[in-house]
Amino acid sequence: QPIYQSQQHRRTALRRPSVNQSVAQIKKFLNIFAILLTCIALISLLVGGIGIMNMMLVSVAERYREIGLRKTVCASQISIKMQFLLESILLWLVAGVAGIVLGFVVYEAVIYGASKFTTQVQFVWIFEPLAVLISFLGIFIIGVLSGIFPALKAEKLDVVEALRSE
C-alpha cells in the first residue's frame, strides 16, 4: 500500500499542466515583467528629472545678472518663474519625444528582425495612442516637477545680490 501511494504521488507530480494553466502562468509572468519594466522606466524618469533640475539650477546661477536686470525693469516674479518652468518643460519635451520615437523604432526593428529569422513571429505595426498619451503626460509632469525648484530660486533672487554677481 505505501508503494502504491508513492507511485500515485509521482503520477500527479509529473502531470503536464493544462493549456489554461500554461496560459495563466504566462500571463502572470508577463504582468510581473510589465511591473519590472515600469519600475525601470520610473527610475529612469527620476534620474532624468534630477539631471534636468541640476541643469536648470546651473542655468539660474549663470543668469543671476540677467534675472536681476529683469527684476529692476519691473519683471514680475511670475514671469521669471514661468521662464524657467517653460525651459524645463521644453527640455523634457525634446528629450521625451526623442525617447518615444527611439523606443518605438527599436521595438519595431526588433520585431521585424525576429520575423526574418523565424516564421512564427509576424511583423505587425502596433501603435498604442493611449501609451503615447500617458508618456506625454508623464513627460510634462516630470518637466514641471524638475523645473519648480530652479524657478522658485530664480523668483526669490534678491535684486541687489543678482546685480552684484558676475
Side-chain angles (χ1 to χ4, degrees), residues 1-61 78-156:
Q1 190 73 346
I3 293 173
Y4 176 74
Q5 285 178 348
S6 176
Q7 289 173 346
Q8 182 69 21
H9 178 63
R10 273 194 228 148
R11 284 186 199 146
T12 59
L14 297 177
R15 187 186 318 155
R16 289 185 182 172
S18 69
V19 174
N20 290 337
Q21 288 173 334
S22 296
V23 169
Q25 286 178 340
I26 290 171
K27 284 183 180 179
K28 190 175 185 181
F29 169 76
L30 289 177
N31 287 337
I32 291 171
F33 192 66
I35 291 170
L36 176 70
L37 288 179
T38 302
C39 290
I40 291 171
L42 289 174
I43 291 169
S44 298
L45 281 174
L46 179 68
V47 170
I50 291 170
I52 294 288
M53 185 174 66
N54 284 337
M55 225 165 56
M56 294 305 297
L57 284 171
V58 168
S59 176
V60 168
I78 292 174
S79 69
I80 292 171
K81 183 176 14 176
M82 289 305 295
Q83 174 188 353
F84 287 97
L85 274 175
L86 290 175
E87 284 179 19
S88 173
I89 292 170
L90 183 67
L91 282 171
W92 265 105
L93 187 65
V94 170
V97 168
I100 289 171
V101 169
L102 184 66
F104 184 74
V105 168
V106 168
Y107 168 77
E108 295 299 336
V110 167
I111 295 297
Y112 180 75
S115 70
K116 293 298 179 189
F117 289 113
T118 180
T119 59
Q120 295 174 343
V121 177
Q122 297 292 324
F123 177 65
V124 179
W125 284 94
I126 298 174
F127 182 75
E128 238 355 276
L130 181 62
V132 175
L133 180 68
I134 291 171
S135 298
F136 275 115
L137 183 64
I139 290 166
F140 179 76
I141 290 171
I142 296 295
V144 168
L145 291 177
S146 63
I148 284 177
F149 184 67
L152 291 175
K153 184 175 180 183
E155 176 188 48
K156 294 182 192 244

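FYI, the numbering just counts along the sequence from 1.
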Pairing residues for S79 by the side chain to side chain contact (heavy atoms under 4.5 Å, CB included) criterion, not counting sequence neighbours: R70, A75, S76

Got a list of side-chain donor-acceptor pairs under 3.5 Å for residues 29-45, not counting sequence neighbours?
{"from": "N31", "atom 1": "ND2", "to": "K27", "atom 2": "O", "distance (Å)": "3.3"}
{"from": "T38", "atom 1": "OG1", "to": "A34", "atom 2": "O", "distance (Å)": "2.8"}
{"from": "S44", "atom 1": "OG", "to": "I40", "atom 2": "O", "distance (Å)": "3.0"}

Among all residues two or more places apart in sequence or in another chain, which pass the side chain to side chain contact (heavy atoms under 4.5 Å, CB included) test with V58? E62

Could you name each residue pair satisfying salt bridge (charged side-chain N to carboxylate O under 4.0 Å, His left out) that touches residues 83-101, not counting sequence neighbours? R63-E87

Which pairs would a plain distance check flag for residues 139-154, meaning a side-chain donor or acceptor within less than 3.5 Å of a matching protein atom at least two apart in sequence or in another chain?
{"from": "S146", "atom 1": "OG", "to": "S88", "atom 2": "OG", "distance (Å)": "3.3"}
{"from": "S146", "atom 1": "OG", "to": "W92", "atom 2": "NE1", "distance (Å)": "3.0"}
{"from": "S146", "atom 1": "OG", "to": "I142", "atom 2": "O", "distance (Å)": "2.9"}
{"from": "S146", "atom 1": "OG", "to": "G143", "atom 2": "O", "distance (Å)": "3.3"}

V105: what forms a side chain to side chain contact (heavy atoms under 4.5 Å, CB included) with it, not counting sequence neighbours? V101

Among pairs that include at least one residue of residues 130-144, which meet side chain to side chain donor-acceptor pair (under 3.5 Å), considering only residues two or more places apart or in two chains? none

Are I50 and N54 close enough that some pair of their side-chain heavy atoms sits under 4.5 Å apart? yes

How many angstroms lie between atom CE of M56 and atom CG of L85, to the nearest 0.5 angstrom? 8.0 Å

Do L133 and E128 make a side-chain contact, defined as non-hydrogen atoms from C-beta onward lying under 4.5 Å apart? no

